[in-house]
Amino acid sequence: MNDDEHWMAQALALAERAAREGEVPVGAVLVRDGNLIGTGWNRPIAAHDATAHAEIQALRAAGSAARNYRLPGTILYVTLEPCVMCAGAIIHARVAEVVFGAPDPKAGACGSRFDLLPSDERFNHRTGCRGGVGAESCGELLRAFFRARR
């Protein structure tokens, strides 16, 4: 198992936790120099907070641990392509790269719907973005969650 697969498996476990809690199953881990520095899973319903996406939760945890909201040199692994809100937070945190599992054709900001990461040159920071790591497992978890709710 390579590093991408290892970290995505951890993000997927957090997405499964979100599903058990009745949240849309998205999980995220933030890594710096091969060390886990922040984790998160979707919690908007439980937290009564529209911003409580997995990516934001991971950034908050890492920022608290690092005692700095800027997180250069980090890689964010997330099971679903980040939305515009999360992409903005990722840019402001100076995350180096996002690695996501499943694309989000309705709201993805890494090229599926919007193209904020990495190609929007209007920002003063560029965050690399790669998709498709563990896409089948990540996508199936989302599909199963929504099938069960219908």
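Computed from a prediction, not measured in an experiment: that's the story for all the values here.
Of the N and O atoms on the side chains of W41 and E16, not one donor lies less than 3.5 Å from an acceptor on the other residue. H53 and T51 form no side-chain donor-acceptor contact under 3.5 Å, judged by distance and modelled atom types alone.
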| task | Take R130 and V98 through the side-chain contact (heavy atoms from CB on, under 4.5 Å) test and state the conclusion after the steps. | result | CA-CA 6 Å; R130 295 184 288 125; V98 171; over 6 Å; no
| message | side-chain contact (heavy atoms from CB on, under 4.5 Å), that's the test. Do I56 and M85 meet it? Break it down for me. | response | CA-CA 9 Å; I56 303 294; M85 175 187 69; 4.3 Å; yes
| task | Determine, stepwise, if the pair V95 / I75 fulfils side-chain contact (heavy atoms from CB on, under 4.5 Å). | result | CA-CA 6 Å; V95 171; I75 302 172; over 6 Å; no
| message | Show, in sequence, the C-alpha distance, side-chain angles and deciding distance for R94 and L71, and conclude whether the side-chain contact (heavy atoms from CB on, under 4.5 Å) test is met. | response | CA-CA 6 Å; R94 306 296 194 262; L71 302 163; over 6 Å; no
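For the residue pair P118 and G128, the shortest heavy atom distance occurs at CB-CA, 4.0 Å. Heavy atoms only, all atoms of each residue included: A15 and T79 are closest at CB-OG1, 4.0 Å. Across all their heavy atoms, L14 and A28 have their closest contact at CD1-O, 3.4 Å. Considering all non-hydrogen atoms of both residues, A87 and P82 come closest at N-CB, 4.4 Å. Of all heavy-atom pairs spanning M8 and V78, the tightest one is CE-O, 3.5 Å. Heavy atoms only, all atoms of each residue included: L12 and L141 are closest at CD1-CD2, 3.8 Å.
By the criterion of side-chain heavy atoms lying less than 4.5 angstrom apart, applied directly or through intervening Ile, Leu, Val, Met, Phe, Trp or Tyr residues, Y69 is not grouped with F123; the two fall into different hydrophobic clusters. Linking Ile, Leu, Val, Met, Phe, Trp and Tyr whenever their side-chain heavy atoms come within less than 4.5 Å puts I90 and I37 in one cluster. Residue V99 is grouped with residue L36 when hydrophobic side chains (ILVMFWY) are merged at heavy-atom distances under 4.5 angstrom, including chains of intermediate members. Residue W7 is not grouped with residue L30 when hydrophobic side chains (ILVMFWY) are merged at heavy-atom distances under 4.5 angstrom, including chains of intermediate members. Using a 4.5 Å cut-off between side-chain heavy atoms of Ile, Leu, Val, Met, Phe, Trp and Tyr, with links allowed through other members, F146 and L80 fall into the same hydrophobic cluster.
By the 6.0 Å contact criterion, NE2 on H92 is open, its count of non-hydrogen atoms from other residues, nucleotides or ligands being 12 or less. No more than 12 heavy atoms of other residues, nucleotides or ligands shown are found within 6.0 angstrom of CZ on R149.
The line from SG of C83 to NZ of K106 is 14.5 Å long, rounded to the nearest 0.5 Å. The SG atom of C86 sits 10.0 Å away from atom CG of L117, with the distance rounded to the nearest 0.5 Å. Interatomic distance, CG of D49 versus CD1 of I45, reported as 12.0 Å (0.5 Å rounding).
Between E140 and R147 there is a salt bridge, since at least one side-chain N of the basic residue sits less than 4.0 Å from a carboxylate O of the acidic one. Using a cutoff of 4.0 Å between basic side-chain nitrogens and carboxylate oxygens, R122 and D115 are not scored as salt-bridged. Classification of R60 and E55 as a salt-bridged pair fails, no side-chain N sitting under 4.0 Å from a carboxylate O. Ion pair D120/R126 not flagged as a salt bridge, since none of the NZ, NE, NH1 or NH2 atoms sits closer than 4.0 Å to an Asp/Glu carboxylate oxygen.
The backbone N or O of A54 sits less than 3.5 Å from a side-chain atom of N42, completing a donor-acceptor pair. Remark: side-chain polar atoms of E81 are not paired, donor with acceptor, to backbone N or O of F100 under 3.5 angstrom.
Q10 pairs with exactly one of V29, V31, T39 by the side chain to side chain contact (heavy atoms under 4.5 Å, CB included) rule, that one being V29.
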